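What follows is a short report on a single structure.
Order of listing sets the numbers, starting from 1, for every ligand and every atom in it. The shown structure was predicted, so the numbers you read here are calculated from the model rather than taken from an experiment. The analysis underlying the following values was restricted to heavy atoms, covering all of them including side chains, and did not include hydrogens, waters or symmetry mates.
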Amino acid sequence: MKRLVRQMRAVRVLLAATVGVGLTSGVLLILQAYHLARIVNAVFLEHAPLHQVKPWLWILFGLIITRGVLSWLNQAIAAHMAVRVKTDLRQRLIAHLFRLGPVWAAQERRGELVNTAMIGIEQLETFLSRYLPQMALSALIPLSIFGFVLTRDALTAFILTVAAPLIIFFMILIGKAAESASSRQWQQLSLLAARFLDLLEGMTTLKVFGRSRDRAEWMGRASEAYRLATMRTLRVAFLSSFLLELFATLSTAVVAVTLGLRLVSDRLPFFTAFLILLLTPEFFQPLRALGSEFHAGLNGVTAAGRIFEILEAKPPGLVQDDWKNEDQYGDSQDQSYTIEFVHVTFAYDPGLPPVIHDINLTVRPGETLALVGPSGAGKSTLLDLLQGFLRPTAGEILINGQSLSDWPIDEWRRRVAVLRQHTHIFAGTVMDNLRMARPNASEEEVVSAARTAKAHDWIVSLPKGYDTLLGEGGYGLSGGQIQRLAVARALLKDAPVVLLDEPTAHLDPETEWTMQEGIAQLLAGRTVIVVAHRLSTVKQANRIAVMEGGKIVEQGSHTDLMAVQGIYRRLRAAYAGGEES
Ligand SMILES: Nc1ncnc2c1ncn2[C@@H]1O[C@H](COP(=O)(O)OP(=O)(O)OP(=O)(O)O)[C@@H](O)[C@H]1O
């Protein structure tokens with residue numbers, strides 16, 4: 001909560017304004033009670049005629065209207081403040097997620113991340129716009145009323161001094177229970193969101209295996225757990241408001257009885273007694289409001305805990321803070337680059353065994369290195385290290401002799417084109433998706449890249465050609481079409497370093513064959529690392545590095561490696577029997 005309050009610094013003027021308006025309204029409330037008591041006293045006890053109390057009635061009317069306007073103003077400022085903080089927090093969260101990179105934001109936590117960035121931040125609204133200002137007010141207004149009552153009646157002031165700390169003590173006690181209930185509720189909601197995303201993404205698999213019902217039940221269990229957690233928080237909230245109400249009413253009753261007794265025995269004038277009776281419930285009102293705002297805003301606080309956890313997470317890879325100067329280095333694309341891994345070791349977690357062990361490897365310009373090895377050998381991890389998504393635990397990666405950690409990492413990434421097994425198509429037109437590689441590419445350049453990648457012909461056959469909308473809510477593409485777009489995109493990028501992570505592994509041979517020309521052009525004359533399974537790809541490489549268990553166990557040309565009775569030969573026999581014959 002402290003961090004959240006710190007977050008409010010940017011809007012402290014607005015926060016001060018809401019508190020100021022609220023406090024003014026509180027002081028006007030004392031005046032309002034004062035005038036009401038005066039009017040009642042004059043009319044009922046002194047039998048004053050209407051014309052005598054008329055000016056007071058006008059004042060009372062004015063006070064009521066002013067308080068109405070102030071209350072509206074208060075809500076407007078508070079809402080404005082909440083929107084600013086939420087927007088700022090969401091932008092910081094997104095910027096930090098980019099810093100954390102794709103390995104951190106991997107599959108396993110996507111549902112939870114969507115939940116936090118969207119629902120979590122929305123839930124902060126109540127906390128920011130209602131609870132925080134109320135926190136200041138529930139100290140200031142009761143204090144003002146107390147000060148006023150003290151000047152009029154010491155006994156009531158004493159009762160209030162005893163009652164208020166008791167109420168606050170109970171509020172804190174219940175607040176603690178509410179916090180843990182709310183945290184459980186939030187975890188269940190995140191689980192629900194994660195399961196739903198999982199269900200959507202895995203729908204085909206579930207249908208194929210006839211497991212839809214199982215998973216729907218699995219989702220149902222998460223839903224039921226969420227319902228139970230919600231009921232628990234509600235129970236705590238109801239208990240809290242019941243206790244607050246009870247204490248406030250009991251205290252008001254005690255004050256009323258003491259006032260009544262003294263009124264009957266003429267030890268207190270009616271005016272004072274009535275005024276204090278009007279003010280006593282108002283003394284407790286801000287505390288009761290704080291109690292209910294606390295429960296309403298608690299989900300936001302719990303979500304905020306998770307948001308700050310993400311904001312404080314350390315990026316596993318290299319980060320460049322001035323990533324906004326994007327187009328500054330576009331001129332050195334023609335340079336060539338030598339990549340060297342020098343004793344590189346990497347573990348995903350200090351507590352886990354390394355998945356990359358002491359790797360030494362050099363790839364020169366114009367050279368294509370194929371990485372092969374069984375599943376889990378560490379090939380993709382090696383590519384992630386080279387892109388700076390991960391940082392070596394020991395050793396270093398040198399680019400033209402300069403350590404990658406000394407590079408402004410975005411500048412390096414601009415020199416690297418990557419083709420993966422699966423390419424993400426963003427919501428936008430075909431043209432937008434292609435130009436992503438080079439926003440200032442001319443239309444001819446885009447079309448030429450699409451032709452080389454064998455994508456042009458089917459793009460023009462789409463309903464709106466290059467202007468067809470793709471991605472979320474847009475036109476669907478086949479796997480082969482998507483990969484051809486990816487090749488066109490990489491060609492447009494025209495980067496001196498190319499990394500391929502089996503981009504054609506899941507495509508049929510014919511589609512793969514049509515992509516060969518584009519890929520060959522993509523690789524020509526550059527520094528290339530290909531993660532490869534297929535013999536055809538491996539054979540084109542100048543050199544093959546065989547990885548197993550995070551180590552490079554063999555290195556050489558296809559012929560060299562086939563000549564020794566090693567892992568490569570074994571792998572080839574296992575994978576590529578069909579291809580070789
Ligand atoms: N985010 C992660 N956290 C912890 N361990 C991971 C993570 N990602 C991968 N690993 C582990 O690191 C090892 C190497 O994985 P990697 O994906 O690099 O292998 P690979 O050779 O590319 O495999 P494949 O050919 O199946 O894609 C595996 O044992 C994997 O379980």
Any side-chain donor near an acceptor of the partner, T116 and E112, under 3.5 Å: yes
Between N299 and S182, a side-chain donor and acceptor under 3.5 Å: yes
Nitrogen or oxygen of S375 less than 3.5 angstrom from that of ligand 1: yes
Selected option - heavy-atom contact closest to atom 18 (O) of ligand 1, from L383, L390, T381: T381
Ligand 1 contacted by G378 (non-hydrogen, < 4.0 Å): yes
Side-chain donor-acceptor contact under 3.5 Å, S403 with E396: yes
Backbone or side-chain N or O of G376 under 3.5 Å from ligand 1 N or O: yes
F308 atom CZ: more than 12 heavy-atom contacts under 6.0 Å: yes
Contact (N/O only, under 3.5 Å) between A377 and ligand 1: yes
Donor-acceptor side-chain pairing of S190 and N115 below 3.5 angstrom: yes
Numbered atoms and elements of ligand 1 in range of S380, under 4.0 angstrom, heavy atoms: 17 (O), 18 (O), 20 (P), 22 (O), 27 (O)
